[in-house]
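One structure below.
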Amino acid sequence: EGITVTVCGGGNAAHIAAGMFASRGATVNLFFSFKDEAERFKAACDKAGGVTVTRKDKTYFGQPKVISHDPAECIPMTDIVLLIVPAFAHEPILQQIKPHLKDGAAVGAIPGPGAFDLVALNALGDVFTQKNITLFAGTSLPWACRFDEYGAKATLLGVKTKVDITTRPNNDAKRNAWLADALTRLHDDTDFHCRGHFLMTTLWPTNAVIHPGVSYGIWHDWDGNPLDEAPLFYQNCNKFTGGVLKGMSDEIAATVEVLKSNGADLSHWQPIDVYMLDVYGDVISDHSSVDRIFATNDAFRGLKAPMITRDDGKLDPNFRTRYLTEDLPHGLAVLRGIAEICGVETPTMDKVLLWAQPLIEKEYLVDGKIKGKDVAQSGCPQRFGITTPQQLIKGDIVSLKN
Ligand code: NAI
């Protein structure tokens, strides 16, 4: 069908995309922000002749056409630019590719949390309208995956059967249908649906809630003494942690109601328990409460909290991981900022955010408002001068706070 996709990022997920998308007939390019990473990937991939993805009962093999850190070599001929990187990489990547985008290109992030549309509008500037760009974001990565041999081999551990995407502009039904169909054809066994306001992706109760919430549950009353063993991250989920997760999900639900009453289509938004059962239902043995849903999810079995090993072999919690460095500025702080604009009380989000932000030496929530110095490097609507639900729904940048 002659579709060209450029995947930005060369981590675990990019390996899957390279192998799977090419095996399904697309031309796949890989764009790297870092030269050494591009060279390493290209050398390994050329040697292996392509990327092989192994899954329980299937394999996918594909050869990327261009592997480069130079956007001029891969972006100008690209129909769909797909960012599969941590959210803090979105802005720098968009800055790099912006001069090279083809007219009518779709540019999206999967997962695309943290007001990807606002971050992208700000990064692309006039290019967004001049080049008729369609922005899109997916609620979650469809895969659990890891690479085994860099640039050559990867394993696909799990696949989600459906992923929702949202788009900007959102009013072109034909374009939306084309994009959802194109993504569905690129992916084996995952259906993409395009529906609802862009805020639906931003408000999706996933990593932004789960990673800071579970971290808080485990460590909020830590006595500072090192441990002999890393605690299980999800399987230990108890009533307290379940209450934190449910509390934040309820606060988003209240925010969703305000935005709906102002006219946003958020009819497909799901609370955390409904969402988890929807995507993982089969492998969750106890559906009775949020804490049991997390504690008995087989897909999470054995995953441990990130730790740092001391010289004496004992363990301290490691708070400088993406669970906070990504999921606060492009997650929880954004959710808190949106709730604030909607006039929704957020005692649970506040507790978690005020506990977590000093651990990564950041300030988002200060004196009850999203106005800390680090809002300028986040997806918080406050960064973009947005102060009313109507402005949130319109989604334009009002003024920039730096
Ligand atoms: P990874 O850590 O393997 O790869 C990340 C890629 O992003 C690397 O190529 C790195 O160079 C690039 N990158 C990092 N910082 C950058 C920056 N500032 N500028 C430009 N590029 C930068 O990540 P992975 O596993 O491929 O995951 C990608 C995304 O998918 C993440 O958001 C992750 O949370 C999400 N995800 C991954 C899952 C998995 O099973 N691997 C499961 C669910 C979500």
Side-chain angles (χ1 to χ4, degrees), residues 6-21 29-42 44-45 51 53-55 64 67-71 74-75 81-98 108-114 116 119-120 123 137-151 153-160 163 187 190 201-202 204 206-212 214-215 233-234 275-276 279-280 297 299-303 306 320-332 377-379:
T6 294
V7 174
C8 301
N12 299 300
H15 284 74
I16 308 300
M20 182 188 284
F21 297 172
N29 301 326
L30 295 180
F31 169 71
F32 293 78
S33 295
F34 308 114
K35 184 161 183 264
D36 58 329
E37 206 185 350
E39 286 171 352
R40 256 194 326 129
F41 195 107
K42 187 169 181 353
C45 190
V51 180
V53 177
T54 309
R55 189 178 162 188
I67 301 173
S68 179
H69 76 285
D70 179 359
C74 49
I75 301 297
V81 179
L82 183 56
L83 281 65
I84 323 185
V85 290
F88 49 69
H90 291 160
E91 196 161 339
I93 291 174
L94 290 167
Q95 296 289 3
Q96 288 175 301
I97 65 173
K98 152 178 151 175
I110 301 180
F116 175 75
V119 169
T139 49
S140 68
L141 191 76
W143 311 312
C145 55
R146 58 148 201 268
F147 70 80
D148 308 301
E149 264 177 56
Y150 188 73
K153 286 190 179 144
T155 303
L156 185 49
L157 304 159
V159 174
K160 296 196 176 96
V163 170
H187 290 74
T190 306
T201 304
T202 301
W204 205 248
T206 176
N207 293 355
V209 168
I210 298 168
H211 291 155
V214 173
S215 302
F233 196 70
Y234 297 103
Y275 166 58
M276 292 306 284
V279 286
Y280 292 110
N297 184 342
F300 294 160
R301 183 172 298 279
L303 294 176
R320 287 179 187 279
T321 71
R322 290 187 204 160
Y323 285 0
L324 300 185
T325 61
E326 176 180 9
D327 293 319
L328 296 189
H330 305 284
L332 188 55
Q377 280 88 44
S378 77

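Just so you know, these numbers come straight off a predicted model, no measurement behind them. Whatever order the structure lists ligands and atoms in, that order sets their numbers, starting from 1.
Which of R322, E326, H211 comes nearest to atom 1 (P) of ligand 1 through a heavy atom is settled by distance: it is R322. Comparing heavy-atom distances from atom 36 (N) of ligand 1 across L141, I110, L83 singles out L141 as nearest. Of the listed options P142, A89, G11, A14, A89 places a heavy atom closest to atom 19 (N) of ligand 1. Closest to atom 21 (N) of ligand 1 by heavy atom, among Y323, W143, F34, is F34. Of the candidates D36, I84, D327, L30, I84 brings a heavy atom nearest to atom 28 (C) of ligand 1. Here the shortest heavy-atom distance to atom 35 (C) of ligand 1, taken over G112, A144, P111, belongs to P111.
At a heavy-atom distance under 4.0 Å, atoms from both the backbone and the side chain of V85 approach ligand 1. At a 4.0 Å heavy-atom cut-off, ligand 1 touches I93 through the side chain alone. Heavy atoms of A13 found under 4.0 angstrom from ligand 1 belong to the backbone as well as the side chain. Using a 4.0 Å cut-off between heavy atoms, S140 makes no contact with ligand 1 at all.
Taking CD1 of I84 as the start and CG of N12 as the end, the distance is 11.0 Å to the nearest 0.5 Å.
A distance of 6.0 Å or more separates the ring centres of F116 and H330.
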